[in-house]
Amino acid sequence: MEYLNLSKEKTSNFMLSRIGLGSMRMGDVNEGISTIHRALDGGVNFQNTADFYGNGQSEMLIKEALKTRRREDVFISVKFGAMQGVDGRMYGMDARPEAVENYLRYTLSRLGTDYVDLYQPARINPHIPVEDTIGAISDLVKRGYVKNIGISEVNGDILRRANAVHPISLVEVRYSLADRHIEDELLPTARELGVGVVAFGVLLSGLIGGSSQEEKLKSIGQRISPEALDAMKTNLARADTLKEIADEKQATLAQLAIAWVLAQGEDIIALVGSRTASQIKDTIQALKVKLTKEDLNRIDRIMPKEQATSSYMLDVDIDAKGLFHPKH
């Protein structure tokens with residue numbers, strides 16, 4: 001396993017694996033436990049979840065998986081604050097400082113632990129000063145319930161303001177061959193501040209190197225503009241042409257895409273949503289894919305940065321109550 005090049009002070013002296021396991025899509029309990037165990041056995045110690053993944057089921061699954069493992073061997077990162085309807089639709093974000101402790105109380109109960117290694121709001125409400133939200137988490141750090149603070153889906157300015165209140169350990173953000181929006185502002189800011197990057201969506205929600213691409217595109221097309229969908233299809237066609245490089249490396253396209261993210265800096269964790277033990281085993285093999293400067297240049301010629309603007313997430317505005325409104 002390779003480990004994150006980050007000051008240990010940022011992670012409570014924890015050596016974080018550069019592959020992280022996300023648990024958003026874990027459904028079957030037994031398969032989920034097997035997947036987490038296979039990840040741990042393979043050196044993957046960064047476990048990412050959220051209190052709204054599976055309406056809390058993800059956290060309870062992790063609790064079950066860790067019953068036969070040592071708690072101190074796992075770094076658990078938790079997002080909080082998403083508001084969901086009874087139909088599972090995410091309709092808002094609760095970043096009120098007075099609500100933070102309440103969310104954590106339920107998370108600790110579902111995880112069966114008395115602390116989390118990293119706690120972060122899923123998004124920041126622009127109508128609530130980020131200083132207030134991070135300040136509330138900082139109070140929980142002082143009381144020992146949270147070890148480190150993270151932040152998700154922010155720009156460089158917000159990251160800087162948050163870090164001024166309490167050192168931010170990790171910023172979780174979309175990053176992939178087809179989505180390189182962080183490279184101009186957020187990534188340089190994170191590096192200036194010594195903040196590690198947790199890259200999610202490294203396979204563009206399973207579209208790069210995954211199965212059932214047409215079905216996934218149909219679903220994504222319901223929440224992004226027709227123009228954005230067309231651009232995404234163009235990028236996926238470009239990505240398919242990378243199979244030649246993948247074959248040269250005796251790797252799958254998915255492994256190549258993960259290796260590309262890891263090659264962008266030793267301060268980056270590639271977060272993957274493996275749902276089975278065999279999937280996480282294949283993911284770990286991406287560490288063996290070493291890309292030379294010429295490899296990276298070839299990839300850039302096929303997938304130019306200026307075209308890498310594809311996002312599968314709904315672009316929303318957040319009102320003063322924290323409710324989402326699609327951008328037009």
Side-chain angles (χ1 to χ4, degrees), residues 20-37 39 46-67 69 71 74-125 133 136-137 140 145-146 150-153 172 174 198 200-201 205-206 212 215-216 219-220 222-223 271-277 279-280 312-314 316 318-319 321-326:
L21 178 61
S23 57
M24 181 172 69
R25 293 183 173 86
M26 289 184 183
D28 181 81
V29 173
N30 290 330
E31 188 63 61
I33 291 173
S34 178
T35 303
I36 292 172
H37 286 173
F46 184 85
Q47 178 72 54
N48 182 279
T49 187
D51 59 14
F52 49 90
Y53 286 175
N55 305 310
Q57 293 295 320
S58 170
E59 292 176 323
M60 290 187 284
L61 190 154
I62 292 171
K63 175 183 178 180
E64 290 300 312
L66 296 187
K67 283 183 176 179
R69 302 299 173 111
R71 170 66 181 88
V74 187
F75 188 97
I76 302 176
S77 169
V78 182
K79 292 184 291 295
F80 72 90
M83 297 189 288
Q84 290 183 298
V86 293
D87 58 357
R89 174 182 55 89
M90 191 179 298
Y91 67 86
M93 175 66 208
D94 185 4
R96 295 172 300 145
E98 58 268 29
V100 173
E101 185 171 348
N102 175 70
Y103 282 114
L104 181 62
R105 173 66 186 89
Y106 287 106
T107 279
L108 294 176
S109 178
R110 287 188 291 261
L111 285 172
T113 185
D114 56 4
Y115 71 93
V116 292
D117 297 282
L118 185 136
Y119 204 48
Q120 61 183 348
R123 290 195 184 189
I124 290 296
N125 184 335
T133 303
I137 306 175
L140 295 168
Y145 297 113
V146 173
I151 199 164
S152 180
E153 288 289 274
E172 186 174 325
R174 306 185 324 269
V198 178
F200 73 86
S205 194
S212 307
E215 183 179 332
K216 292 173 183 175
S219 175
I220 290 171
Q222 296 175 4
R223 58 179 183 266
L271 184 64
V272 294
S274 301
R275 286 181 285 183
T276 67
Q279 285 179 350
I280 189 62
Y312 56 88
M313 298 178 69
L314 179 66
V316 298
I318 304 178
D319 68 19
K321 294 181 179 180
L323 302 181
F324 291 164
H325 300 278

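Note that this is a predicted model, so its numbers are computed, not measured.
- Gln47 CD to Ile62 CD1: the interatomic distance, rounded to the nearest 0.5 Å, is 4.0 Å.
- Taking every heavy atom of both residues into account, Gly32 and Leu61 meet most closely at C-CD2, 3.7 Å.
- A distance-only check finds a donor-acceptor pair linking the side chain of Thr35 to the backbone of Arg275 [under 3.5 Å].
- Counting heavy atoms from C-beta on, the side chains of Thr113 and Leu108 come closer than 4.5 Å.
- Minimum interatomic distance between Ile280 and Ala39 (heavy atoms only, all atoms of both residues): CG1-CB, 3.8 Å.
- Two residues are said to be in side-chain contact when any heavy atoms from C-beta on lie closer than 4.5 Å; Glu59 and Tyr106 fail this criterion.
- Proximity of Asp117 to Arg71: side-chain heavy atoms (C-beta onward) are separated by under 4.5 Å at one or more points.
- For residues 26-37, there are no salt bridge (charged side-chain N to carboxylate O under 4.0 Å, His left out) pairs, not counting sequence neighbours.
- In this structure, CD on Glu101 lies 7.5 Å from OH on Tyr145, to the nearest 0.5 angstrom.
- Annotation for Ser58 and Ser23: closest pair OG-OG, 2.6 Å, computed over non-hydrogen atoms.
- Within the model, atoms OG1 of Thr107 and CE of Met60 stand 11.0 Å from one another, a figure rounded to the nearest 0.5 Å.
- Residues Val198 and Phe46 approach most closely at CG2-CZ, 3.9 Å, considering heavy atoms.
- For Arg105 and Asp51, the salt-bridge test fails: no basic side-chain N is under 4.0 Å from an acidic carboxylate O.
- In this structure, Arg89 fails the cation-pi test against Phe324, since its NZ or CZ atom is not both closer than 6.0 Å to the six-membered ring centre and inside 45 degrees of the ring normal.
- Qualifying salt bridge (charged side-chain N to carboxylate O under 4.0 Å, His left out) partners for Arg174, counting only residues two or more places apart in sequence or in other chains: Glu153, Asp179.
- Taking CD1 of Ile36 as the start and CG of Leu21 as the end, the distance is 6.0 Å to the nearest 0.5 Å.
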Side chains of residues 74-84: which donor-acceptor pairs under 3.5 Å do they make with residues two or more places apart or in other chains?
residue	atom	partner	partner atom	Å
Lys79	NZ	Asn48	OD1	3.1
Lys79	NZ	Tyr53	OH	3.0
Lys79	NZ	Glu172	OE2	2.9

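- For the pair Val316 and Met93, the minimum side-chain heavy-atom distance is 4.5 Å or more.
- Between the side chain of Asp94 and the backbone N or O of Arg96 there is at least one donor-acceptor pair closer than 3.5 Å.
- Listed for the Thr133 side chain is a donor-acceptor partner under 3.5 Å among the backbone atoms of Ala95.
- In this structure, Leu104 CG and Leu140 CG are separated by 5.5 Å, a value rounded to the nearest 0.5 Å.
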